[in-house]
Amino acid sequence: MNMEAIASIRMSNNKKRFSDEQIKSLEFMFEAESRPESRMKQRLADELGLQPRQVAIWFQNKRARSKTKQIEHEYNNLKAEFEKLASNYELLKRENQSLLLQLQKLKNILGEKS
DNA sequence: TCTAGAAGAGCTGTTACCTCA
DNA sequence: GTTGAGGTAACAGCTCTTCTA
């Protein structure tokens with residue numbers, strides 16, 4: 001494929017970011033319904049001057065991004081919980097060692113007396 | 001009823017492009 | 001002007017669900 005052909009594909013494939021207004025409407029709709037029916041997507045596309053496929057893809061990508069963020073959030077919560085438990089475990093371990101030491105001392109004392 | 005296959009929609013991973021530091 | 005990173009629109013390929021003959 002020559003450079004001209006590649007350039008023409010790129011021109012036809014020209015990717016434009018959606019306007020703030022379009023994003024605002026899409027976000028608003030997403031808040032209400034993350035999986036709108038195709039009729040709704042068609043209506044939204046008409047209102048925003050987009051192709052229905054563009055709206056469908058936007059919702060697809062938005063759901064994927066939301067899911068990633070939710071997983072990130074859950075991961076952070078679990079990590080914090082794990083760190084809390086791990087620190088508590090270390091505390092209990094040290095307490096246990098100290099108690100075992102005390103017990104050993106008592107045994108020694110009692111052993112000497114008998 | 002049961003079933004195979006077509007159609008439509010969603011999910012996941014990837015690519016290509018744009019923007020910005 | 002160049003470059004690398006991050007964000008995102010668009011796509012490909014697969015799965016799942018629903019419908020129907």
Side-chain angles (χ1 to χ4, degrees):
Chain A
M1 195 186 279
N2 62 28
M3 294 302 281
E4 215 170 316
I6 292 168
S8 104
I9 287 169
R10 285 188 177 163
M11 284 297 279
S12 65
N13 208 12
N14 199 11
K15 226 191 277 183
K16 288 267 187 292
R17 292 215 169 186
F18 297 162
S19 70
D20 290 348
E21 202 57 38
Q22 286 169 327
I23 295 290
K24 211 171 148 184
S25 298
L26 289 163
E27 296 274 8
F28 183 79
M29 183 56 73
F30 186 83
E31 284 300 312
E33 178 58 68
S34 63
R35 284 188 197 82
E37 289 176 10
S38 47
R39 262 185 309 158
M40 202 61 212
K41 281 185 271 193
Q42 175 70 58
R43 217 177 79 189
L44 199 54
D46 291 343
E47 278 174 23
L48 301 176
L50 295 169
Q51 294 299 313
R53 174 150 178 83
Q54 286 180 294
V55 171
I57 286 172
W58 186 88
F59 273 88
Q60 194 103 291
N61 287 326
K62 179 69 180 174
R63 282 193 295 272
R65 286 193 289 269
S66 291
K67 190 175 178 181
T68 303
K69 278 194 177 166
Q70 192 195 334
I71 288 170
E72 250 174 48
H73 186 246
E74 283 170 7
Y75 167 76
N76 285 333
N77 284 346
L78 284 171
K79 195 175 159 201
E81 205 175 318
F82 168 77
E83 279 164 4
K84 208 167 127 188
L85 284 169
S87 136
N88 204 22
Y89 170 73
E90 283 304 321
L91 214 67
L92 288 169
K93 208 165 91 175
R94 267 182 264 133
E95 199 179 323
N96 187 41
Q97 277 169 350
S98 158
L99 288 169
L100 284 171
L101 209 64
Q102 283 183 44
L103 184 62
Q104 192 56 50
K105 281 180 185 170
L106 281 172
K107 277 182 180 171
N108 289 343
I109 291 166
L110 291 172
E112 281 169 14
K113 287 190 174 174
S114 61

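Order of the sequence lines sets the chain letters (A, B, ...), proteins ahead of strands, with each chain counted from 1. The analysis underlying the following values was restricted to heavy atoms, covering all of them including side chains, and did not include hydrogens, waters or symmetry mates.
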Under 3.5 Å side-chain donor-acceptor pair for A:Asp46 and A:Gln42:
yes
Base-pairing string, 5' to 3', of DNA chain B - Watson-Crick or wobble, under 3.5 Å, | interstrand:
..|||||||||||||||||||
Given atom NZ of A:Lys16 and atom P of B:dC18, what is their separation to the nearest angstrom?
7 Å
Taking it one step at a time, do A:Ile57 and A:Arg53 satisfy side-chain contact (heavy atoms from CB on, under 4.5 Å)?
CA-CA 6 Å; A:Ile57 286 172; A:Arg53 174 150 178 83; 3.8 Å; yes
Tell me, with the steps shown, if A:Gln104 and A:Asn108 meet side-chain contact (heavy atoms from CB on, under 4.5 Å).
CA-CA 6 Å; A:Gln104 192 56 50; A:Asn108 289 343; 3.5 Å; yes
Measure the shortest side-chain to side-chain distance between [X] and [Y] over non-hydrogen atoms and say whether it is less than 4.5 angstrom.
{"X": "A:Lys41", "Y": "A:Met29", "result": "no"}
{"X": "A:Trp58", "Y": "A:Gln22", "result": "no"}
{"X": "A:Met40", "Y": "A:Leu44", "result": "no"}

Assign the ring pair A:Phe30 / A:Phe59 to parallel, tilted or perpendicular, where the plane angle (0 to 90°) is split at 30° and 60°.
tilted
Take atom CD of A:Glu37 as the centre, draw a 6.0 Å sphere, and report whether it contains more than 12 heavy atoms from other residues, nucleotides or ligands.
no
Below 4.0 angstrom, which residues in residues 57-79 of chain A have at least one non-hydrogen atom near DNA chain C?
A:Ile57, A:Trp58, A:Asn61, A:Arg65
Check each residue of residues 23-56 of chain A for a non-hydrogen atom within less than 4.0 Å of any atom in DNA chain B, then write out the ones that pass by number, or none.
A:Arg35, A:Ser38, A:Lys41
When rounded to the nearest 0.5 angstrom, what is the spacing between CD in A:Glu74 and NZ in A:Lys67?
10.0 Å
Please test A:Glu47 against A:Arg43 for side-chain contact (heavy atoms from CB on, under 4.5 Å), starting from the C-alpha separation and ending with a verdict.
CA-CA 6 Å; A:Glu47 278 174 23; A:Arg43 217 177 79 189; 3.8 Å; yes
